[in-house]
Novice: 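One structure follows; several queries about it will come next.
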Amino acid sequence: MLEDSMDTERTTKSIPELIAKKRDGGELTDAEIEFSISRILDGAMQDCQIGALLMAIWQQGMTTKETKILTQAMVASGETLQWPSTWQQVVVDKHSTGGVGDKVSLPLVPALVACGCKVPMISGRGLSHTGGTLDKLEAIPGFRTDLNREQILHILNYVGGCIMGQTTQLVPADRITYAIRNVTSTVDSIPLITASILSKKLSEGLSALVLDVKYGKAAFCKTLKIAQELAEMMVRTGAHLGLKIVAVLSQMDHPIGLCIGNALEVMETLECLHGEGPEDLNDLVVTLGGLLLHNVGKAGSAKEGSEIIQKSLKNGSALACFEAMLEAQGVMPDVAHRLCQQKDFPGTLGQAPAHTDILADAAGQPWIRVFHSQAKLTDEQMSATHASVTIASSKVQTSKRITHIIRPEDLNLDEA
C-alpha cells in the first residue's frame, strides 16, 4: 500500500511537469508521451490536466517524431484488428476530412472490393454542418454499423469490405481525448488531428491509406495552406509508421454531387454504382481508388488504377459488392435487391410527403427541389433555403475537384 501511495504521489507530481514542459515549447520524449497516454487511460490524469496538456500542444505544436510516438501510443491503448497473412498487402482504407454532400466512401468501398482489396472502413457520424457516413448508410432499413471483431472478420472474408463505427476496444485513448478536445477548442490542432485519424486507421491493420483533405468555404480547412500543412503532417507521420500513404487536396467550396441529405445521398451513391451520377463524385471515387490500387501493387500506375476502378463501376461488379455488403450488415435481401437492382428508392428509403421547388428565375425550370415533412416551409426555412441557393449559385462546372496529390517521396521525411 505504501508503494502504491508513493507511485500515485510521483504521478501527480510528474503530470504538471509534463504540461509545463510542453507549454514552454519543450519537446516531449517518447517515454513522456507514452506515460501521458497511460495516465489518461487509467484515470490518473484528471480531465482538467488532459485539457491543459491538449491546449499546450495546440499552442506549441509537435514535431513529426512527437506526433509519431503519440499516434503509436494511442494505437497501443486498445486492440488492433488482425488479418490472415494472405491479406497483408491488400487491406486498404480511405479517410476524408468531410464536407457537404461527401458520400465518396459509399461507392468507393465496394469498388475497391470488386478490384480485389479488403476494406474494413471505420467511419463516423455527422459533425457540425457535414453528414456522417454512418448516418447516410443507416437511412437504409436494417443496416448495422455496430460490428464486433468476429463479425468484421467474417464479412471481410466472405464479402470483402464493410463500413462500421469505432468499437469500444479500438483506440480508447482517442475517444477520451477527442471528447475533451471538443470542449476545450483544441479540435483544430494539426498534430492532434493527425494522431486521432492515423491511430484509428492503423488499428485496422492497414496496408495502405488514401487521405482526402478538403479545403474551402464548406470544409474544415478553410485555406489551401492549412490543408497542405495537415496533409503533409499526416503523410509524413504515416510514412514513418510504415504505412503506404498518399493524400489529395480537393476543393470544397461547393457540395459534392447534386444531392444533400442521408437518403438522397444513398440514392446518388447507387447512381454512381450504376456507372452514372455526377462527374465530380465519380472523379473522386476513381482517383482515390486508383491511388490505393497503385499503392498495393494492383495497378502499374495511379492512372491505370483509376481505369480499373471506373471499369468496376461500369460493369456492375462494384454494385454487386455493395449489395452483398448491405446484406452482410443486416439489410434484408429483398430490400437490398430492390434498392440496388430495381432502383426502388422511394420504396426502400422512403420519401418526404411534400417538396418545394426553387426556380432558376421567374419563368425557369426547377433548379433545386427541397423535400420536407411538413405541408409547407416556414418563412424562416424559405429564407435559409434561398440563402443556401445564393451560396451555391457559383457552383464550379468542372468535375475536377482534386488540385494536389502529396506522396511521401515529395516530402522531407526527416523534417520536424
Novice: Looking at Glu229 and Lys225, is any side-chain nitrogen of the basic one under 4.0 Å from a carboxylate oxygen of the acidic one?
Specialist: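 A salt bridge is present here (some side-chain N lies under 4.0 Å from a carboxylate O).
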
Novice: Are side-chain N/O atoms of Ser199 and Asp174 paired as donor and acceptor at under 3.5 Å?
Specialist: no

Novice: Ignoring hydrogens and angles, state whether a donor on the side chain of Thr64 or Lys68 is under 3.5 Å from an acceptor on the partner side chain.
Specialist: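 Their side chains do not contain a donor-acceptor pair, so the 3.5 Å distance test is not met.
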
Novice: Among Leu243, Thr194, Leu209, Ile406, find the one that has a side chain to side chain contact (heavy atoms under 4.5 Å, CB included) with Met234.
Specialist: Thr194

Novice: Quick one: pull up CG in Leu291 and NZ in Lys303 and give me the separation to the nearest 0.5 Å.
Specialist: 13.5 Å

Novice: Can you tell me how far CG of Leu198 sits from CG of Leu211, rounded to the nearest 0.5 angstrom?
Specialist: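 Going from the CG atom of Leu211 to the CG atom of Leu198 covers 6.5 Å.
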
Novice: Answer whether the closest heavy-atom distance between the side chains of Leu112 and Asp93 falls below 4.5 Å.
Specialist: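 Side chain of Leu112 against side chain of Asp93, heavy atoms only: no contact under 4.5 Å found.
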
Novice: Quick one: SG on Cys48 to CE on Met45, what's the gap to the nearest 0.5 Å?
Specialist: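 That separation rounds to 10.0 Å.
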
Novice: Taking atom OG1 of Thr186 and atom CD1 of Ile180, what is their separation to the nearest 0.5 Å?
Specialist: 9.0 Å

Novice: Looking only at the side chains, is there a donor atom on one of Ser207 and Gln88 sitting less than 3.5 Å from an acceptor on the other?
Specialist: no

Novice: Any side-chain heavy atom of Lys298 within less than 4.5 Å of one from Cys115?
Specialist: no

Novice: Hey, which of Ile197, Thr177, Leu70 is the one that makes side chain to side chain contact (heavy atoms under 4.5 Å, CB included) with Leu192?
Specialist: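 Of the listed residues Ile197, Thr177, Leu70, the side chain to side chain contact (heavy atoms under 4.5 Å, CB included) partner of Leu192 is Leu70.
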
Novice: Quick check: closest heavy atoms across Cys321 and Val159, and the distance to 0.1 Å?
Specialist: O-CG1, 4.2 Å

Novice: Thinking salt bridges, do Lys217 and Asp253 make one under a 4.0 Å N-O criterion?
Specialist: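 The answer is no: the pair does not qualify as a salt bridge.
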
Novice: Are Leu134 and Ile163 side-chain neighbours, meaning at least one heavy-atom pair lies under 4.5 Å?
Specialist: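 Yes, side chains in contact.
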
Novice: Without hydrogens or angle criteria, can the side chains of Lys214 and Thr97 be said to hold a donor-acceptor pair below 3.5 Å?
Specialist: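 Per modelled atom types, Lys214 and Thr97 side chains form no pair under 3.5 Å.
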
Novice: Taking side chain as C-beta onward, heavy atoms only, is Leu284 less than 4.5 Å from Asp212?
Specialist: yes

Novice: Strictly by salt bridge (Lys or Arg N to Asp or Glu O under 4.0 Å), give each pair with a member in residues 311-324 just once, sequence neighbours left out.
Specialist: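 Non-adjacent pairs meeting salt bridge (Lys or Arg N to Asp or Glu O under 4.0 Å): zero.
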
Novice: So do Phe345 and Glu271 actually touch side chain to side chain, heavy atoms under 4.5 Å?
Specialist: yes

Novice: Can you tell me if Lys21 and Gln60 form a side-chain donor-acceptor pair at under 3.5 Å?
Specialist: no

Novice: Of all heavy-atom pairs between Pro408 and Val235, which one has the smallest distance, and what is that distance?
Specialist: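 Smallest heavy-atom distance, with atoms named: N-CG1, 3.7 Å.
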
Novice: Which heavy atom of Asp283 sits nearest to which heavy atom of Arg401, and what is that distance?
Specialist: OD2-N, 4.2 Å

Novice: Check this for me, if you would: do Glu276 and Lys343 make a salt bridge, where the nitrogen-to-carboxylate-oxygen distance has to be below 4.0 angstrom?
Specialist: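 A salt bridge is present here (some side-chain N lies under 4.0 Å from a carboxylate O).
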
Novice: Can Lys22 and Glu66 be counted as an ion pair, charged N to O under 4.0 angstrom?
Specialist: yes

Novice: Quick check on Trp58: does its CH2 atom have over 12 non-hydrogen neighbours (other residues, nucleotides or ligands) under 6.0 Å away?
Specialist: no

Novice: Given 3.5 Å as the limit, does a donor-acceptor pair link the side chain of Gln49 with the main chain of Ile15, or not?
Specialist: no

